[in-house]
2 protein chains.
Amino acid sequence: MDLQQIKYFLALAHELHFWKTAAKISITQSALSRQIQSLEAELGVQLFERNKRNVKLSPAGQFLREKWEVKLNELEFFHQHARQIQLGESGTIIIAHPDSISASIMPDMLSRISAALPKLKIELVQVKYEDQQEFLRNYKVDLLITRDINTSDDFRSEKIHTDHLAIVVPENHPFRDAKNITSEALNEQKFILPVKDEGSSYSDIIHQFFRSFNVVPDAYLHSEFGSAIIALVRKGLGIAVLPDSYRFHESTGIRFITMPFKTELFLNWRVDDQHPVLANVLKLILP
Amino acid sequence: MDLQQIKYFLALAHELHFWKTAAKISITQSALSRQIQSLEAELGVQLFERNKRNVKLSPAGQFLREKWEVKLNELEFFHQHARQIQLGESGTIIIAHPDSISASIMPDMLSRISAALPKLKIELVQVKYEDQQEFLRNYKVDLLITRDINTSDDFRSEKIHTDHLAIVVPENHPFRDAKNITSEALNEQKFILPVKDEGSSYSDIIHQFFRSFNVVPDAYLHSEFGSAIIALVRKGLGIAVLPDSYRFHESTGIRFITMPFKTELFLNWRVDDQHPVLANVLKLILP
DNA sequence: ATCCATTAATGCAATATCGGAATTAGTTTA
DNA sequence: TAAACTAATTCCGATATTGCATTAATGGAT
């Protein structure tokens with residue numbers, strides 16, 4: 001059973017049309033037809049119900065389409081990681097990080113890495129909260145920086161930084177410093193908050209912030225991205241609570257008021273990772 | 001990339017010897033050598049470090065060996081399940097159940113299923129507590145009977161039975177009925193307990209049992225298998241707390257004293273399972 | 001040092017497989 | 001009934017794979 005056949009199957013399962021699929025994957029309809037037949041024969045499973053006119057997935061085909069799609073994807077990343085292992089110091093390392101620290105600790109961290117390992121390519125990505133574990137587990141990223149402590153046994157986790165929370169207000173806002181921040185004052189503000197990820201300690205700490213003031217925030221806007229939130233604050237759509245790190249983005253038209261609430265940053269990686277430079281990179285990053 | 005090539009690779013990774021491996025998989029050494037070469041070329045990864053004398057896995061090969069082994073295994077079960085979907089009512093359904101109920105609710109359940117679906121083959125297996133979720137998730141079993149409520153979103157779970165706990169003692173033991181069971185009496189007994197699975201509600205309930213008597217059990221023996229525990233009780237090595245269902249195993253030389261503590265049985269299956277008879281089977285089993 | 005046994009790679013010829021072009025055979029539409 | 005589609009099939013040349021025999025490198029024994 002050739003992986004190529006499975007890819008042909010997935011393409012056909014998507015198009016449900018031999019000619020169009022054949023064109024799209026650059027083989028002839030005849031070849032495609034026989035590849036599918038041979039796949040069906042080897043599996044002992046009819047994948048498509050087809051007559052001379054129409055093609056549709058059989059129930060078993062439907063099942064395998066779903067499963068094969070994710071497994072092939074996983075295999076792809078394994079192969080990529082194997083190539084990285086082979087490449088050694090001249091490979092690529094993929095780091096997922098929250099937007100908030102793009103301008104604070106990331107630049108310093110990256111320059112330290114690239115100074116010590118000049119041949120290493122670094123790829124930066126941002127990963128949605130709910131996908132983070134899966135991405136690290138399946139080798140889609142090699143290092144994961146989170147604001148949440150990790151729960152899985154497959155990962156190691158170390159605290160690398162502690163941020164403060166800050167109130168972010170437009171430049172012309174009456175709030176000047178921490179003295180202005182009282183329950184009464186907060187109660188009259190409109191807030192732009194991050195979407196609340198269930199179980200994320202980051203949104204926890206923001207709730208804790210409000211609870212400590214005994215305030216239920218009036219929030220009509222939620223956004224996943226800090227930079228978007230900042231843009232909205234600048235436009236006067238409300239004020240926000242964000243990690244102090246955003247201060248280093250040096251946006252104009254807004255003011256940060258640091259509060260005594262802390263939020264921590266964790267570096268996560270796979271235990272027993274085989275990436276040849278990871279150990280070196282960790283040595284550079286960890287305190 | 002052919003799955004066959006990957007199987008060849010795994011065989012060679014196991015033997016680390018071209019000739020022996022070739023013989024074992026019934027091809028010639030020449031063919032094997034070139035299959036491995038073509039696999040390496042397609043991946044762009046050297047899998048083995050070899051000279052004219054020795055073969056050993058490269059670091060990347062080591063990594064892929066590990067990953068491929070589990071993924072190929074997963075694929076195998078997917079293909080098997082696809083065949084089951086195709087077979088319809090004449091397929092096989094795989095049920096994992098705890099040993100304790102082999103003689104109580106299983107016989108009745110199975111005869112009901114096979115009466116209604118005479119063509120269906122049923123396979124019974126027992127799965128270690130820590131593997132249960134993985135087996136159900138990856139289609140190694142279709143139905144899973146547990147004493148713990150399920151936590152994953154991918155599964156559905158229904159309570160099918162409630163057992164009582166029973167004290168199991170040898171025939172000649174002074175304990176006769178529940179009236180004998182007091183804190184003082186329990187404190188003088190030696191216990192044979194199940195291995196404690198962290199997070200298993202079944203071991204929880206046994207702890208709860210002891211706590212309600214304010215007894216810390218003197219247990220020098222732990223065993224995973226109820227039938228083993230019963231054998232040990234019969235030999236006078238101690239007494240045990242087990243689900244009342246074991247009573248139906250009709251072992252001689254022991255006595256069950258039913259206690260008012262309850263332990264529940266849950267039936268678990270995959271949400272959105274495609275197995276063609278599963279819905280029918282569920283209808284037969286669920287209350 | 002030299003010879004021999006071992007073992008992975010390679011050259012070659014036979015065979016099997018694959019892919020493309022054209023054809024065939026059902027099905028739907030006008 | 002004809003025309004337009006569309007998946008399967010046939011035929012044939014190109015390509016890949018296999019087994020056999022040979023080669024080249026290595027390690028151990030004498």
Nearest whole angstrom, please: distance from the [atom2] of [N] to the [atom1] of [X].
| X | N | atom1 | atom2 | result |
| --- | --- | --- | --- | --- |
| F48(B) | dA9(C) | CZ | P | 10 Å |
| L39(B) | dA16(D) | CG | P | 16 Å |
| D2(B) | dA16(D) | CG | P | 15 Å |
| L32(B) | dT17(D) | CG | P | 14 Å |
| R34(A) | dA8(D) | CZ | C1' | 9 Å |
| I36(B) | dA8(C) | CD1 | P | 12 Å |
| I27(A) | dA7(D) | CD1 | C1' | 14 Å |
| N54(A) | dA8(D) | CG | P | 12 Å |

OP1, OP2 of [N] versus side-chain N and O of [X]: anything below 4.0 Å?
| X | N | value |
| --- | --- | --- |
| S33(A) | dA8(D) | yes |
| S30(A) | dG19(C) | no |
| R50(A) | dA8(D) | yes |
| Q29(A) | dT9(D) | no |
| Q37(B) | dT10(C) | yes |

**Report entry** Nearest heavy-atom neighbours spanning Q29(B) and W19(B)
**Finding:**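 That closest heavy-atom pairing would be CG-CD1, 3.2 Å.
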Query - R270(A) NZ/CZ over Y139(A) ring centroid, <6.0 Å and within 45° of normal - result: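 Yes; both conditions hold, so R270(A) lies above the ring face of Y139(A).
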Query raised in the report: Within 45° of the six-membered ring axis of F266(B) and under 6.0 Å from that ring's centre, is NZ or CZ of K159(B) located there?
Result: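 No, K159(B) does not sit over the ring of F266(B).
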**Report entry** Selection: residues 5-26 of chain A, any non-hydrogen atom under 4.0 Å of DNA chain C
**Finding:**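 Residues of residues 5-26 of chain A under 4.0 Å from DNA chain C: none.
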Query - DNA chain D: 5'-proximal contact among S38(B) and N51(A) (nearest heavy atom) - result: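 Looking at DNA chain D, the more 5' nearest nucleotide goes with N51(A).
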Report task. Decide if the gap between the ring center of F135(A) and the ring center of F77(A) is smaller than 6.0 angstrom. Result ->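 Not close enough - the centres of the two rings lie 6.0 Å or further apart.
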Query raised in the report: Which residue pairs satisfy the ring pair (Phe, Tyr, Trp, His ring centres under 6.0 Å) criterion with at least one member in residues 27-56 of chain A, sequence neighbours excluded?
Result: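 Every ring pair (Phe, Tyr, Trp, His ring centres under 6.0 Å) pair that includes a residue of residues 27-56 of chain A, provided the two are not neighbours, is F9(A)-F48(A).
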Query raised in the report: Just wondering, more than 12 heavy atoms not from K7(B) lying within 6.0 Å of its NZ?
Result: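 Correct, the count exceeds 12.
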**Report entry** Short N-O contact, E158(B) and R156(B), less than 4.0 angstrom
**Finding:**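 The answer is yes: the pair qualifies as a salt bridge.
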